**Student:** 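One structure follows; several queries about it will come next.
As the structure is a computational prediction, the values presented were derived from the model and not from experiment. In what follows, residues are counted from 1 in the order of the sequence shown.
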Amino acid sequence: MYLKVFYSLLLMLSFYGIPSTGQKKKETLLSEKVGQLMDWTGKRAVIRMNGEKFRRFVKAPPRNYSVVIMFTALQPQRQCGVCKQADEEYQILANSWRYSSAFTNKVFFATVDFDEGSDVFQMLNMNSAPSFIHFPAKGKPKKSDSYELQVRGFAAEQLARWVGDRTDVQIRVIRPPNYAGPLMLGFLLAVIGGLAYLRRNNLEFLYNKNVWAFSALCFCLIMTSGQMWNHIRGPPYAHKNPTTGQVSYIHGSSQAQFVAETHIVLLFNSAVTMGMVLLHEAATSDMDIGKRKIMCVAGVGLVMLFFSWLLSIFRAKYHGYPYSFLLS
């Protein structure tokens with residue numbers, strides 16, 4: 001009788017399971033890791049990690065939380081201006097999550113600097129910065145866990161969408177107030193209003209077609225160079241390889257661009273436009289023939305040279321494009 005009861009109890013315990021010593025140690029270790037991460041996050045929204053912390057809190061099990069890490073090179077000797085800009089946006093994202101009412105220990109934000117964790121860079125075979133990688137709670141990072149910085153830019157809003165896609169954690173980005181834009185607009189309106197007031201008895205310049213033509217031309221050049229894309233996507237100004245130190249001003253893909261690239265395209269388009277204007281003036285003005293010849297030669301030179309450079313940029317971004325002009 002007693003043996004039957006004993007075996008029945010033994011069977012029930014084996015069925016429902018008894019927490020083993022190893023399981024208890026695992027839960028204790030996980031609790032300590034989460035507690036330590038929460039403590040660090042309470043002090044700084046972005047946790048600074050070196051190789052030891054990365055291996056302990058990211059690579060080593062157990063882990064029931066996701067970690068988003070920005071790999072960067074912020075030391076002055078690295079001269080990575082893009083890293084500083086990306087870090088500012090990353091801090092905004094992390095602080096928006098840290099001080100959100102929906103904040104939990106499901107996701108943590110961290111950073112690994114090249115000078116503090118070069119072994120981590122070597123471990124992950126990384127040779128460029130900044131880079132963003134999501135380390136999921138279970139399994140290894142997939143291709144989609146690596147953020148496409150060159151395509152999406154490093155704006156905090158873009159990073160928040162990516163984090164939401166990877167973790168199902170929706171972060172509402174809250175930026176600190178920036179009064180530079182309204183102040184500049186107010187100053188510009190004040191200058192325009194002051195000029196209009198000073199010349200209130202002679203406002204013929206408002207009917208000057210050259211003024212409006214120049215303003216419209218500037219607006220078209222700014223828009224066609226990609227400035228609006230920069231405003232929406234927030235791409236880096238340029239890209240510097242921390243290993244080789246080489247700086248790239250032209251993005252190698254047709255799906256993205258750098259801020260410096262738009263400035264270069266704006267300059268080249270302006271030069272081509274100036275060449276066309278000189279050719280038009282050479283053909284229609286009443287100046288002497290010598291000056292008109294000079295204007296014609298200068299106009300042809302500007303159009304040919306800078307249009308050739310524009311085609312070179314186009315060929316560099318659209319690989320396999322067969323056409324070129326002057327420059328190959």
**Student:** Using every non-hydrogen atom in the two residues, find where Ile171 and Ser96 come nearest and quote the distance to one decimal.
**Tutor:**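 Closest approach of Ile171 to Ser96: CG2-CB, 4.0 Å.
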**Student:** Show your reasoning for whether side-chain contact (heavy atoms from CB on, under 4.5 Å) applies to Ile92 and Val173.
**Tutor:** CA-CA 7 Å; Ile92 291 174; Val173 175; 3.8 Å; yes
**Student:** Just how far is it from atom CZ of Arg152 to atom CZ of Arg161, taken to the nearest 0.5 Å?
**Tutor:**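 Those atoms lie 8.0 Å apart.
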**Student:** Can Glu89 and Arg175 be counted as an ion pair, charged N to O under 4.0 angstrom?
**Tutor:**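 Looking at Glu89 and Arg175, the cut-off is met.
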**Student:** Can you check side-chain contact (heavy atoms from CB on, under 4.5 Å) on Ser285 and Arg292, steps first, answer last?
**Tutor:** CA-CA 8 Å; Ser285 67; Arg292 292 169 65 183; 3.8 Å; yes
**Student:** State plainly whether one hydrophobic cluster holds both Ile133 and Tyr65, where clusters connect Ile, Leu, Val, Met, Phe, Trp and Tyr through side-chain heavy atoms under 4.5 angstrom apart.
**Tutor:**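 Per the 4.5 Å side-chain linkage, Ile133 and Tyr65 are co-clustered.
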**Student:** Please report the closest heavy-atom contact between Ser66 and Ala137, naming both atoms and the distance.
**Tutor:**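 Closest approach of Ser66 to Ala137, heavy atoms only: OG-N, 3.5 Å.
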**Student:** Could you tell me which non-hydrogen atom of Leu93 sits nearest to which non-hydrogen atom of Ala156, and how far apart they are?
**Tutor:**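 Looking at all heavy atoms of both residues, the closest pair is CD1-O, 4.0 Å.
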**Student:** List the steps and the verdict of side-chain contact (heavy atoms from CB on, under 4.5 Å) for Phe314 and Leu310.
**Tutor:** CA-CA 6 Å; Phe314 192 81; Leu310 280 172; over 6 Å; no
**Student:** Quick one: do Asp39 and Lys43 make a salt bridge, cutoff under 4.0 Å?
**Tutor:**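 A salt bridge links Asp39 with Lys43.
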**Student:** Below 4.0 angstrom, N of the basic side chain to O of the carboxylate: do Glu116 and Lys53 qualify?
**Tutor:**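 So Glu116 does not pair with Lys53 through a salt bridge.
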**Student:** Please answer whether the main-chain N or O of Val265 pairs with a side-chain N or O of Ser225 as donor and acceptor at a distance below 3.5 Å.
**Tutor:**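 Answer holds: no.
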**Student:** Could you check whether any side-chain N or O of Ser308 sits under 3.5 Å from a backbone N or O of Met304, counting only pairs where one atom can act as donor and the other as acceptor?
**Tutor:**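 No: the side chain of Ser308 does not pair with the backbone of Met304.
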**Student:** On a heavy-atom basis, which atom in Asp119 and which in Gly51 lie closest, and how many Å separate them?
**Tutor:**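 Closest approach of Asp119 to Gly51, heavy atoms only: OD2-CA, 3.5 Å.
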**Student:** So Ile47 and Leu37, do their side chains get closer than 4.5 Å, heavy atoms only?
**Tutor:**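 Heavy-atom side-chain distance check passes, below 4.5 Å.
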**Student:** Mark yes when over 12 heavy atoms from residues, nucleotides or ligands other than Met276 sit less than 6.0 Å from its CE; otherwise mark no.
**Tutor:**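 No - once you tally the heavy atoms of other residues, nucleotides and ligands closer than 6.0 Å, there are 12 at most.
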**Student:** With no hydrogens and no angle check, is any side-chain donor or acceptor of Lys33 less than 3.5 Å from a backbone partner on Arg63?
**Tutor:**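 No.
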**Student:** I want to check something: taking the side chain as every heavy atom from C-beta on, are Gln91 and Val46 in contact at a cut-off of under 4.5 Å?
**Tutor:**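 The answer is yes; the side chains approach within 4.5 Å.
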**Student:** How close do Leu279 and Cys296 get, heavy atom to heavy atom, and via which atoms?
**Tutor:**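 The pair with the smallest heavy-atom distance is CD2-O, 3.5 Å.
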**Student:** Do Arg166 and Pro136 have side chains that get closer than 4.5 Å, going by heavy atoms?
**Tutor:**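 Side chain of Arg166 against side chain of Pro136, heavy atoms only: no contact under 4.5 Å found.
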**Student:** Okay, side chain of Gln257, backbone of Gly226: is any donor-acceptor separation there less than 3.5 Å?
**Tutor:**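 Side chain of Gln257 to backbone of Gly226: a pair is present.
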**Student:** Please determine whether the number of non-hydrogen atoms from other residues, nucleotides or ligands lying under 6.0 Å from atom CD of Gln36 exceeds 12.
**Tutor:**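 Atom CD in Gln36 is crowded, with more than 12 foreign heavy atoms closer than 6.0 Å.
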**Student:** If you round to the nearest 0.5 Å, how far is CZ of Phe219 from OG1 of Thr224?
**Tutor:**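 The distance works out to 10.0 Å.
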**Student:** Taking the ring centre of each residue, are Phe54 and Phe135 less than 6.0 Å apart?
**Tutor:**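 Yes.
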**Student:** Does Phe114 belong to the same Ile/Leu/Val/Met/Phe/Trp/Tyr cluster as Leu74, with side-chain heavy atoms less than 4.5 Å apart forming each link?
**Tutor:**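 No; tracing contacts between hydrophobic side chains, which count when under 4.5 Å, never links both residues.
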**Student:** Is it the case that Arg98 places NZ or CZ above or below the six-membered ring of Phe103, under 6.0 angstrom from the centre and within 45 degrees of the axis?
**Tutor:**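 Checked: cation-pi criterion met.
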**Student:** Group every Ile, Leu, Val, Met, Phe, Trp and Tyr by side-chain heavy-atom contacts under 4.5 Å, then state whether Phe109 and Leu124 land in the same group.
**Tutor:**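 Yes, Phe109 and Leu124 fall within the same hydrophobic cluster.
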**Student:** Taking C-beta and beyond as the side chain, do Met49 and Val120 meet within less than 4.5 Å on heavy atoms?
**Tutor:**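 They are not in contact (no side-chain heavy atoms under 4.5 Å apart), so the answer is no.
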**Student:** Could you walk me through whether Glu148 and Trp162 satisfy the side-chain contact (heavy atoms from CB on, under 4.5 Å) test, starting with their C-alpha distance in whole Å, then the side-chain angles of each, then the deciding distance to 0.1 Å, before giving a yes or no?
**Tutor:** CA-CA 9 Å; Glu148 296 178 328; Trp162 171 67; over 6 Å; no
**Student:** For the residue pair Pro130 and Met70, what are the closest heavy atoms and their distance?
**Tutor:**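 For Pro130 versus Met70, the nearest heavy atoms are CB-CE, 3.8 Å.
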**Student:** Would a 4.5 Å heavy-atom cut-off, applied to side chains only, mark Asp115 and Gln77 as touching?
**Tutor:**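 The answer is yes, as the side chains (C-beta and beyond) meet within the 4.5 Å cut-off.
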**Student:** Do you reckon Trp309 sits in the same ILVMFWY cluster as Tyr249, going by side-chain contacts under 4.5 Å, direct or chained?
**Tutor:**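 Trp309 and Tyr249: one cluster.
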**Student:** Any sub-3.5 Å donor-acceptor pair from Trp97's side-chain atoms to Val169's backbone N or O?
**Tutor:**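 No; judged by distance alone, with no hydrogens or angles, the pair does not exist.
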**Student:** If I take atom CZ from residue Phe71 and atom CG from residue Asp113, how far apart are they, to the nearest 0.5 angstrom?
**Tutor:**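 Rounded to the nearest 0.5 Å, the CZ-CG separation comes to 11.5 Å.
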**Student:** Is Leu267 reachable from Ile250 through a run of hydrophobic residues whose side-chain heavy atoms are each under 4.5 Å from the next?
**Tutor:**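 Same cluster: Ile250 reaches Leu267 through Ile, Leu, Val, Met, Phe, Trp or Tyr contacts under 4.5 Å.
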**Student:** Report yes if some heavy atom in the side chain of Lys26 is under 4.5 Å from a heavy atom in the side chain of Leu30; otherwise report no.
**Tutor:**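 Heavy-atom side-chain distance check fails, nothing below 4.5 Å.
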**Student:** Is the shortest heavy-atom distance from the side chain of Val303 to the side chain of Leu278 under 4.5 Å?
**Tutor:**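 No; the side chains remain at least 4.5 Å from each other.
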**Student:** With a 6.0 Å cut-off (strictly less than), is the heavy-atom count around CZ of Phe214, excluding the residue itself, greater than 12?
**Tutor:**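 No, because the 6.0 Å sphere around CZ of Phe214 holds 12 heavy atoms or fewer from other groups.
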**Student:** To the closest 0.5 Å, what do you measure between CG (Asp87) and NZ (Lys84)?
**Tutor:**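 One gets 10.5 Å once the value is rounded to the nearest 0.5 Å.
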**Student:** Tell me if a side-chain donor or acceptor on Asn269 pairs with a main-chain N or O of Leu266 at a distance below 3.5 Å.
**Tutor:**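 The answer is no, because no donor-acceptor pair under 3.5 Å joins these two groups.
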**Student:** In terms of ring plane angle, is the pair Phe132 and Tyr90 parallel, tilted or perpendicular, where the classes change at 30° and 60°?
**Tutor:**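 Phe132 and Tyr90: tilted rings.
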